[in-house]
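In what follows, a single structure is set out as structure tokens and then discussed.
In what follows, every chain begins at residue 1, and chains take the letters A, B, ... in the order their sequences are listed.
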There are 2 protein chains.
Amino acid sequence: MALREPVILPHLQDCGSCTIRHRAVCARCDSDELARLEQMKYYRSFQAGQTVIWSGDRMDFVASVVSGIATLTQTMEDGRRQMVGLLLPSDFVGRPGRSTAAYDVTATTDLLMCCFRKKPFEDLILSTPHISQRLLEMTLDELDAAREWMLLLGRKTAREKIASLLAIIARRDVSLNPRKSGPIVFDLPLTREEMADYLGLTLETVSRQVSALKRDGVISLEGKRHVTVNDFDRLLEVAGDDSDGGYPV
Amino acid sequence: MALREPVILPHLQDCGSCTIRHRAVCARCDSDELARLEQMKYYRSFQAGQTVIWSGDRMDFVASVVSGIATLTQTMEDGRRQMVGLLLPSDFVGRPGRSTAAYDVTATTDLLMCCFRKKPFEDLILSTPHISQRLLEMTLDELDAAREWMLLLGRKTAREKIASLLAIIARRDVSLNPRKSGPIVFDLPLTREEMADYLGLTLETVSRQVSALKRDGVISLEGKRHVTVNDFDRLLEVAGDDSDGGYPV
DNA sequence: GCCCTGCCTTGATGCAGATCAAACGGGAAC
DNA sequence: GTTCCCGTTTGATCTGCATCAAGGCAGGGC
């Protein structure tokens, strides 16, 4: 198969939110492959709060997030919940070679996903090595992120957990909309309860620790969601991260 | 590239410990690829307790475990440690496309690894789609395991954590040496401290909860390491796992 | 305006697991 | 045999977070 100059899938140009990560899957596709991808693709949209798919359900597609935010969660019978992943625009969901969903996938904001029928997608990657290589790379990044999260869940204090989460969101935000300088400002995409589910805490503890970080001047709050990080290095310090700490979420 | 009948790499036959997982990487290789793999491979052995590689070190190989057990751990500056993975025979370690280690890798028993020089290995998988597909599959399994572990670390009680770990080891043990019926018996491959690092607990709590499971008749102990699982379903129940609960470790 | 609802904050109390401390036991060296 | 050492057990106490409970606040419907 001939490698070519990068070609971007039309739907990725349309959606306006395509990122390096997503684009890279398609950048080396030739026009035949692009046509096949176009054929098997379709869009689905969800409202905030809607469930995309329940753990254990039949899942006959793979997808990437075009816009909005979704979460992956696991639930125990008695209702204890743990978020195991956060899907942001360009993130991939679904697993070639598996037919049922392993996690609950829920839209936390209005959500648009670009889906590919699973069977033809699997056939395509079998004959298109650079796509499976790209998937491997993305999966390894996710594995690193999951393992970083294991350290957080197993060993960090509530305060460190909150600071870590804020740092990750801040970092992600900066990389998406690079800014001049000065404080980092963003809106939290998660409720206190969702943050708690992500961090292995209760929502009360999240609330208290966010207030504590505010009281200590590490962050400022305007309303409940709008966060200003006054000093990012200070935040990292509170998070207990090694100086570099580049989460590959 | 022509697919063929399965061919097993000589070194896998030699080492006597090759498993389905490892074998599958090579099963479809043709003789040219086998020769290339043979050329780039070499063995390294470590004593129990030795460090294979430190996080951040240059890592110019990928490897698979031939025999023994190794752990992947992350450490915070103040010494808090979290184990993020357990490497058992046939498990793969290292990451094509990355040149430094992301975790400390430590031999917890005497360890033999079969290493492949990274550069030629990367070149080989670029031209050998079924190997990168197999790596993708293995990585997805590890990701699932990591996420299952996130639920454990974030939401399970100490007692549930211990029971979950014992269940995983028991299950793994049964699948490696299938047995008639009756209780499952195995030796713990980890010290109490290593178990604690894996479970996000202290070694004292591990010790207490193991004793409690023994007192309650869920397991029996002979010495500190030799475990008998009297009733596997009961163990799963204590672990709080959904009935099926097949960890793909 | 009012009330309702969803999300969040704050306070009081309880408990699981951490921490500190001491002793046990089995294997290896002698 | 004795001693040492390491991993482990057990006990006493402390504490960070969960739990239970009561408001607070902003937005939307009427």
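- Between the side chain of Thr109(B) and the backbone N or O of Ile69(B), at least one donor-acceptor pair lies under 3.5 Å.
- Gly200(A) comes within 4.0 angstrom of the backbone, heavy atoms only, and of no base.
- In this view, Glu160(A) and Thr157(A), Arg80(B) satisfy the side chain to side chain donor-acceptor pair (under 3.5 Å) rule, not counting sequence neighbours.
- Defining each end axis of the helix from dG1(C)-dC30(D) to dC30(C)-dG1(D) as the rotation carrying four pairs' C1' atoms onto the next four, with five pairs an end, the two axes are found to diverge by 30° to 10 degrees.
- With the nearest nucleotide of DNA chain D identified for both Glu204(A) and Thr157(A), Thr157(A) has the one nearer the 5' end.
- Of the inter-residue distances, the one linking Lys161(A) atom NZ with Leu166(A) atom CG reads 14.0 Å to the nearest 0.5 angstrom.
- Interatomic distance, OG of Ser164(A) versus CD1 of Ile169(A), reported as 11.0 Å (0.5 Å rounding).
- For residues 191-213 of chain B, the salt bridge (Lys or Arg N to Asp or Glu O under 4.0 Å) pairs, not counting sequence neighbours, are Arg155(A)-Asp197(B), Arg81(B)-Asp197(B).
- Scanning for side chain to side chain contact (heavy atoms under 4.5 Å, CB included) contacts around Ala48(A) gives Asp110(A), with sequence neighbours left out.
- For residues 216-229 of chain B, the side-chain hydrogen bond (donor to acceptor under 3.5 Å, both in side chains) pairs, not counting sequence neighbours, are Arg159(B)-Asp216(B), Asp187(B)-His226(B), Ser220(B)-Asn230(B).
- As judged by a 4.0 angstrom heavy-atom cut-off over every strand, Leu201(B) is placed among residues touching the sugar-phosphate backbone only.
- Looking at heavy-atom distances under 4.0 Å, Arg225(A) makes contact with sugar-phosphate atoms alone, never a base.
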Identify every side-chain donor-acceptor pair in residues 53-61 of chain B under 3.5 Å, counting partners at least two apart or on other chains, and give the distances.
residue	atom	partner	partner atom	Å
Ser55(B)	OG	Ala102(B)	O	3.3
Asp57(B)	OD2	Trp54(B)	N	3.4

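- Running 5' to 3' along DNA chain D, contacts with non-hydrogen atoms of chain A at under 4.0 Å begin and end at dC17(D) to dC20(D).
- The side-chain contact (heavy atoms from CB on, under 4.5 Å) test with Tyr103(B) is passed by exactly one of Leu72(B), Thr75(B), Thr73(B), Val93(B): Leu72(B).
- Residues of residues 206-216 of chain A having a heavy atom closer than 4.0 Å to DNA chain C, listed by number: Ser207(A), Arg208(A), Ser211(A).
- Nucleotides of DNA chain C that come within less than 4.0 Å of any heavy atom of chain A span, from the 5' end to the 3' end, dC8(C) to dA12(C).
- No contact: Arg80(B) has no heavy atom under 4.0 Å from any strand.
- Partners of Thr205(B) by side chain to side chain donor-acceptor pair (under 3.5 Å), not counting sequence neighbours, listed by chain and number: Thr202(B).
- Within 4.0 Å of Thr191(A), counting heavy atoms only, lie sugar-phosphate atoms of the nucleic acid but no base atom.
- In this view, Asp173(A) and Arg179(A) satisfy the salt bridge (charged side-chain N to carboxylate O under 4.0 Å, His left out) rule, not counting sequence neighbours.
- The side chain to side chain contact (heavy atoms under 4.5 Å, CB included) check on Asp233(A) picks up Asp231(A), with sequence neighbours excluded.
- Taking CG from Leu86(B) and CD1 from Ile168(B), the interatomic distance works out to 9.5 Å, rounded to the nearest 0.5 Å.
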